[in-house]
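All heavy atoms count here, side chains included; hydrogens, waters and symmetry mates do not. So that the names make sense, note that chain A is the first sequence line, chain B the second, and so on, each numbered from 1. All values derive from a computational prediction rather than experimental measurement.
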Amino acid sequence: MGPTTRAQFVYNRRRRRGGRHVVEDGSDDEEQRVDSSSSSSEDEGDEEEAEASGEEVDEEEEEEETVAAEPAAKLPPAAGEKRGGKKGPITISLKKVCKVCKRTGHEAGFKGAVYIDCPMKPCFLCKMPGHTTLTCPHRVAMEHGVIPAPRMNTNTSLDYVFQSQVKGKISMVKPKFLIPNQLECGNIKFHQRRVTCLEFHPTKNNVLLSGDKKGLLGIWDYVKLHEKITYDSVHSCILNCMKIDATNDGLLYTASSDGTISCTDLDTGIGSSLLNLNPNGWNGPSSWRMIYGMELNTDKGLLLVADNFGFLYFLDKRSKTRIGHPVLIHKKGSKVTSLHCNPAQPEVLLSSGNDHYARIWDTRKLEANSPLVGLAHGRVVNSGYFSPQSGNKILTTCQDNRIRVWDYIFGDLQSPSREIVHSHDFNRHLTPFKAEWDPKDYTETVAVIGRYISENYNGVALHPIDFIDTSSGKLLAEVTDPDITTISPVNKLHPQDDVLATGSSRSIFIWKPKTEDELTEERTKQKSREFVYGSGSQKKSNGKHDNSSDDDTDGDSGGKNKKAKKTRFTHTVKGKGKSKA
DNA sequence: AAAGTATGGCCCC
DNA sequence: TGGGGCCCCTACTT
């Protein structure tokens, strides 16, 4: 096994060319599974699948059905008596049954491209009872139902100065923000398992590093499409985190659920282990240590590492030895999900954990139970990041479907400055979602995060990647492509370029902004589409979607016939918001 | 083509 | 405080 290079294939979207993707076979390797990511959405038939089976079920089942059928389900067959009195009362079980709550009278699941919620459950988006996601105020109208934040910073004069400075800066120099919303190329099934982390190489501009659930490390030059390598011997299970050595960009540190930290030479794939938390091998899940959070303190040549039992470790990267003893930074036995050092103050550490807290620490005087601040969350915190430039803000992603923003870490941190409702639920089969700052945005407002629940885009259910203005909660952009039907929990913005990398299932995609040419062409195309009565639509379904208009913004244009009007805002902000008493 | 499965949090006792 | 069972928009493979 040593380092192996295995190449699947790359597909590359040539700019316009009929719009079709060109599939390039990276190298004919053993397994030629092309598998064209087809299908999904084959169920256009909707309505009448279950009907057909039932003998002569009346159409308007709702009312009485809910009442009558329910006891029937629990009682022995004899219970069928009243209903029509005929014999085979057992057949009543053929009634539609909600797969979520097991009751009759309604059904949850996809109807075409629209997911119908079980009305018995709280809203899947905001978690509140009384409505479903289809009618959730957070989905339908932005900033509807917003509750003002209790009160953010107790405005000290320092705060005032800071705010005005930043504000001034923002209005003065805010650059035109380009959303990388055009699928440039993709690497399909490069990984054998789902992608769990992505990182751009800091100096080799077009190189993307990726890790997957099997521990495979991928290196891909997405300009030279065929230059891709994988190293399968670095880790034996989930690769959770990657960092390039700031003083030697040929070295990569990786953290894994196999309980080890590795340092890998990117050119050779040769690595060494810096830490192994399971020196005695597997003794059951109750003792197996996994590493999720990892950070570099460049100033001190330190590696900070946290495990799934709540402990933080320090490593000297040069001597490859532990320093000091592990410190409990989250509830004992609970997973630490992420670590981040403040970019302006590397000694200041932000940790997030399964104990529903994010915490700020001073690593110079670190003791269990002595964080500088504890930031309470509603559920597990998937990630927490200081803002990339000043380090003055904090952005967290929590499994309660809320993104939280603290605008100023030196202010009152009792409660977040904003809570933005956004669909990024936990699902054990998905890599946890993490909202991340755009490292290029020195106004420190833009964040990117994948969306869990789907939206109906021209008859296809897609899961967009959202760009969110964290200062207002406004949705700046939702990025989709009709060929990407899977959820995209892993997203990374390029440190210098207007490039977005996405990990979606086993595939990796690269997005770039539309060029001016493309935009103008699109506009003209859209015009002509208007002339050519109703051309664009109608084709849909059957797997490969016609990509004539992959940008959501033009989307329907023609409108009318498609009932599918997408309700766009799947998130809203809480706090700061005007309105409301 | 339906069924199976890998999996993590959380709820309840 | 620990373990068993449950589980709402998965992405596959058989």
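Listed nucleotides: C/dC12, C/dT10, C/dC8. Nearest to the side chain of A/Ser505: C/dC12. Listed candidates were C/dT10, C/dC9, B/dT7. Nearest to the side chain of A/Leu430 is C/dT10.
Contacts of A/Thr133 with the nucleic acid, taken as non-hydrogen atoms under 4.0 Å apart, include base atoms. Residue contacts for A/Pro122: at a heavy-atom cut-off of 4.0 Å it reaches a base atom on one of the strands shown. Residue A/Phe124 is in base contact, counting any heavy-atom pair closer than 4.0 Å across all strands shown.
The distance from atom CD of A/Gln192 to atom P of C/dC12 is 13 Å, rounded to the nearest whole Å. The distance between atom CZ of A/Arg193 and atom C1' of B/dA6, rounded to the nearest whole Å, is 8 Å. C/dT1 atom P lies 15 Å from atom CZ of A/Phe309, rounded to whole Å. The nearest whole Å value for the distance from the CD1 atom in A/Ile188 to the P atom in C/dA11 is 14 Å. Between the C1' atom of C/dC8 and the NZ atom of A/Lys111 lies a distance of 16 Å, rounded to the nearest Å. If you take NE2 of A/His429 and P of B/dT7, they are 10 Å apart, rounded to a whole angstrom. The distance from atom CZ of A/Arg506 to atom P of C/dT10 is 17 Å, rounded to the nearest whole Å. Here the C1' atom of nucleotide C/dC7 and the CG atom of A/Asp117 are 15 Å apart, to the nearest Å.
Between A/Trp361 and A/His330, the distance from one ring center to the other does not fall under 6.0 angstrom.
Heavy atoms from other residues, nucleotides or ligands lying under 6.0 Å from CZ of A/Arg289 number more than 12. Remark: A/Phe200 CZ is packed, more than 12 non-hydrogen atoms of other residues, nucleotides or ligands lying under 6.0 Å away.
Looking at residues two or more places apart in sequence or on another chain, you find no salt bridge (Lys or Arg N to Asp or Glu O under 4.0 Å) involving A/Arg379.
Ring geometry for A/Phe311 versus A/Tyr313: interplanar angle of 30 to 60°, hence tilted.
As the counterpart of C/dC8, no nucleotide is assigned, since no Watson-Crick or G-U wobble pattern has both distances under 3.5 Å.
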Return a table of donor-acceptor pairs under 3.5 angstrom between the side chains of residues 113-127 of chain A and protein atoms on other chains or two or more places apart.
unit_1: A/Asp117; atom_1: OD2; unit_2: A/Thr133; atom_2: N; d: 2.9
unit_1: A/Asp117; atom_1: OD2; unit_2: A/Thr133; atom_2: OG1; d: 2.5
unit_1: A/Lys127; atom_1: NZ; unit_2: A/Asp425; atom_2: OD1; d: 3.0
unit_1: A/Lys127; atom_1: NZ; unit_2: A/Asp425; atom_2: OD2; d: 2.8

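Of the residues near DNA chain C, A/Cys123 and A/Ile487, the one whose nearest nucleotide (by heavy atom distance) lies more toward the 5' end is A/Cys123.
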Per-nt protein contacts along nucleotides 8-13 of chain B (heavy atom under 4.0 Å; B base, S backbone sugar-phosphate only, - none) come out as BSS---
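Using P as the reference atom, C/dT14 and B/dT7 are 16 Å apart when rounded to the nearest Å.
Remark: A/Lys492 engages A/Glu199 in a salt bridge, criterion side-chain N to carboxylate O under 4.0 Å.
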